[in-house]
Amino acid sequence: MTSRPILLVEDDSNSVTFFEYAMKTVKIANPLHVAVDGMEALEYIEGTGKFANRAAHPTPGLVLLDLRMPRATGFEVLERLRDSGRQGRLAVVVFTGSASDADIARAYALGANGYLVKPTTLADLVAIVRAINDFWLTHNYPPPPRPRLDSSP
Amino acid sequence: MVMRKTVISHIAGAASARGSRFAPIIEEVPRPIVEVQGPAHTVTYVNPAFCELLGRKKAELIGKPFHEIVPGGRDCLPVLNRVYQTGAPTTHELEVRSEPQPSQWLYAMWPALDTGDRPVGVIIQLTKVTNLLQNAAAMNEALLVSALHQHELTAKAEELNARLAREIAGREVVEAALHRANNQLGIQAGQLEKVVAERTARLREMVGELEAFSYSIAHDMRAPLRGMAGFAQILLNDHANQLDATARDYLSRITRSAARMDLLIQGVLDYTRVSRSEAVLVPVDLDGLVRDLVATYPNWQPPHAEIKIEGPLPMVRGHPGLLTQSISNLVGNAMKFVAPGALPQIRIWAEELPATATLSASSPPGGDPPRTPGTTWVRIWFEDRGIGISAKDQGRIFQMFERLNPAAQFEGTGMGLTIVRKAVERMHGRTGFESDAYGSKFWIELEKAPRAESGGEQPAG
């Protein structure tokens, strides 16, 4: 059980709206932070730039990562996170429209913890968000944040 | 000549004095010989050959003057007289035209001498040559003609030779031209092949780009589609009480249209994935794959359906993803196309094809993949008791976007079987079906794989 925020990395505002709607329907209490592209996601995760204040922007308990985005793609985000080693233990689940084998394989190869495909209907989205809540936010033990990176009191 | 005189001098004597050893010889000689005596040239001796020549008897001739017994005899007299008077032998030629057939009479004359070497008569040897001149003339003529002919022939031969030479020269020119043309053709064929290869490569590249394009277009259409469907659904979920029945109906229609578009997009994505994905063929445990697949769909279980797998299904050479796609489409169709309210009943089984049957099996339009001899092929059947396919529709069921049934009655995109065919083609197999009023039987043919080869490690479908 984590109460840490969910970081949704998503450039499509509709998708954000539906995700919020599904969270509300499933009654997820965790705060949601949205990064609109890969660069912003990295800034948030690393606590740099406008996200330097960790109190206001705590390290996420789960990252839901779209793949195709401007500035930096989901793959680039994964690559940077896993290669740097600094956030190597962050739970990152890909949440994308692509179900291609190549994308799935590449995402796992870059260290994704899961791979979910965006459904078309709201009902299906609600089901998936419920599953996310059940597994990642309720039953799963997330990797503990490293002390030196956790600047929160 | 002395010898002759001596010998001949005895002829007359031989005729009178029997017992001469020459008499029989002269009698037997096949040449006509006659002896005349005295200034009147009275015939004193004739041999049988002479009688035969004149066609008269000896008795009719002896004692007659010579010129009376032979044709043209009078013309001989001057010569005969000279021989008789001078004793000098001579020859004489006489042409006789009085006879029906003109002839040539050749005379050889020499004197008959008495013991004192005085001429007492003349011995004549006669030869009748019929048509000699004529023959000679004819021969001459023939010779001339043949000479002329020979000339003509020679001229003709020369002409022919010249013509042949010309023809050969012409042919050489033609051959040279042909040779050049052949070379040019060879060069052009080479160039053409190169062009074809280049164009094929470019075309393949373009088709690849087009497929990638359609994939990404289809993929990108999903985001706005999700938007449409999602907001319509939110309105229906949360704001229904603010809307009247018509507005709610419209929202439902938006939702249904979006769902249908999603199916189409899914079809395009499946098709391009099936066409473009790398299909490395491996031995696949078909039995496990089909059973797992059927178990995945809640709607395919009793009491919604009766699916009977008559197994175990064999190992096949295939691609788990392509197989899963094909079989779920085929079973999905069998589930879908049943009379309203009827229970879908599906039977799945496999049969091994005899080596020759693979050659005569009905094949899809557009040709068959080549089949290596020595491989065994299996046909997997999917039999339903659904609505069947009418004869007029059977030619187009594998074509893209062909839908045989009204959309209101049977949900579908018209891509399912196209995807099946494409997927099976990628596995070097074939597809086909049989259908009647009691249902349809679809089949796919795949190469059989040995069971041992699998090694227990099977990529998931």
Side-chain angles (χ1 to χ4, degrees), chain A residues 8-28 32 34 36-38 64-70 73-75 94-109 114-131, chain B residues 211-212 214-240 251-252 254-280 298 319-322 324-325 413 426 459-461:
Chain A
L8 178 64
V9 189
E10 176 61 77
D11 65 318
D12 177 34
S13 63
N14 286 351
S15 294
V16 173
T17 305
F18 295 142
F19 195 84
E20 286 170 337
Y21 180 89
M23 275 182 75
K24 200 174 74 187
T25 307
V26 177
K27 297 186 173 65
I28 295 175
L32 179 72
V34 177
V36 297
D37 59 48
L64 290 172
L65 182 65
D66 195 7
L67 288 178
R68 312 222 187 284
M69 290 178 298
T73 66
F75 294 121
V94 171
F95 191 51
T96 178
S98 165
S100 88
D101 286 350
D103 286 348
I104 296 167
R106 191 171 167 204
Y108 278 115
Y115 196 106
L116 296 170
V117 177
K118 289 178 192 167
T120 316
T121 68
L122 205 59
D124 287 344
L125 179 67
V126 168
I128 285 173
V129 170
R130 182 171 284 123
Chain B
E211 281 177 349
S214 69
Y215 186 87
S216 86
I217 283 280
H219 182 261
D220 290 353
M221 282 196 305
R222 287 197 128 169
L225 183 66
R226 275 195 301 270
M228 287 158 56
F231 286 116
Q233 197 59 54
I234 289 174
L235 285 172
L236 279 171
N237 289 355
D238 295 7
H239 307 276
L251 285 171
S252 303
I254 291 174
T255 309
R256 283 201 303 273
S257 296
R260 171 148 180 72
M261 185 158 175
D262 190 52
L263 272 178
L264 282 165
I265 290 170
Q266 190 58 52
V268 172
L269 292 177
D270 286 345
Y271 184 80
T272 44
R273 197 172 17 243
V274 158
S275 311
R276 285 174 61 73
S277 64
E278 261 187 64
V280 180
H319 178 270
L322 294 174
T324 302
Q325 182 81 63
T413 61
R426 294 295 309 274

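Of the listed residues (Ile265(B), Asn237(B), Thr255(B)), the greatest number of heavy-atom pairs within a distance under 4.5 Å of chain A belongs to Asn237(B). Among Gly230(B), Ala232(B), Ala229(B), the residue with the largest count of heavy-atom pairs under 4.5 Å with chain A is Gly230(B). Counting heavy-atom pairs under 4.5 Å between each of Leu122(A), Asp101(A), Thr120(A), Thr25(A) and chain B puts Thr120(A) at the top. The greatest number of non-hydrogen atom pairs below 4.5 Å with chain B, out of Ser15(A), Ser100(A), Ser13(A), is found for Ser100(A).
Sorted by first and then second residue, the salt bridge (charged side-chain N to carboxylate O under 4.0 Å, His left out) pairs with a member in residues 115-130 of chain A read Glu10(A)-Lys118(A), Asp66(A)-Lys118(A); sequence neighbours excluded.
Using a 4.5 Å cut-off between heavy atoms, Thr121(A) makes no contact with chain B at all. Only the side chain of Thr17(A) comes within less than 4.5 Å of a heavy atom of chain B; its backbone N, CA, C and O stay farther away.
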Donor-acceptor contacts, no H, no angles, side chain residues 221-228 of chain B, under 3.5 Å, sequence neighbours left out:
unit_1	atom_1	unit_2	atom_2	d
Arg222(B)	NE	Asp262(B)	OD1	3.1
Arg222(B)	NH1	Gln266(B)	OE1	3.3
Arg222(B)	NH2	Asp262(B)	OD1	3.1
Arg222(B)	NH2	Gln266(B)	OE1	2.6

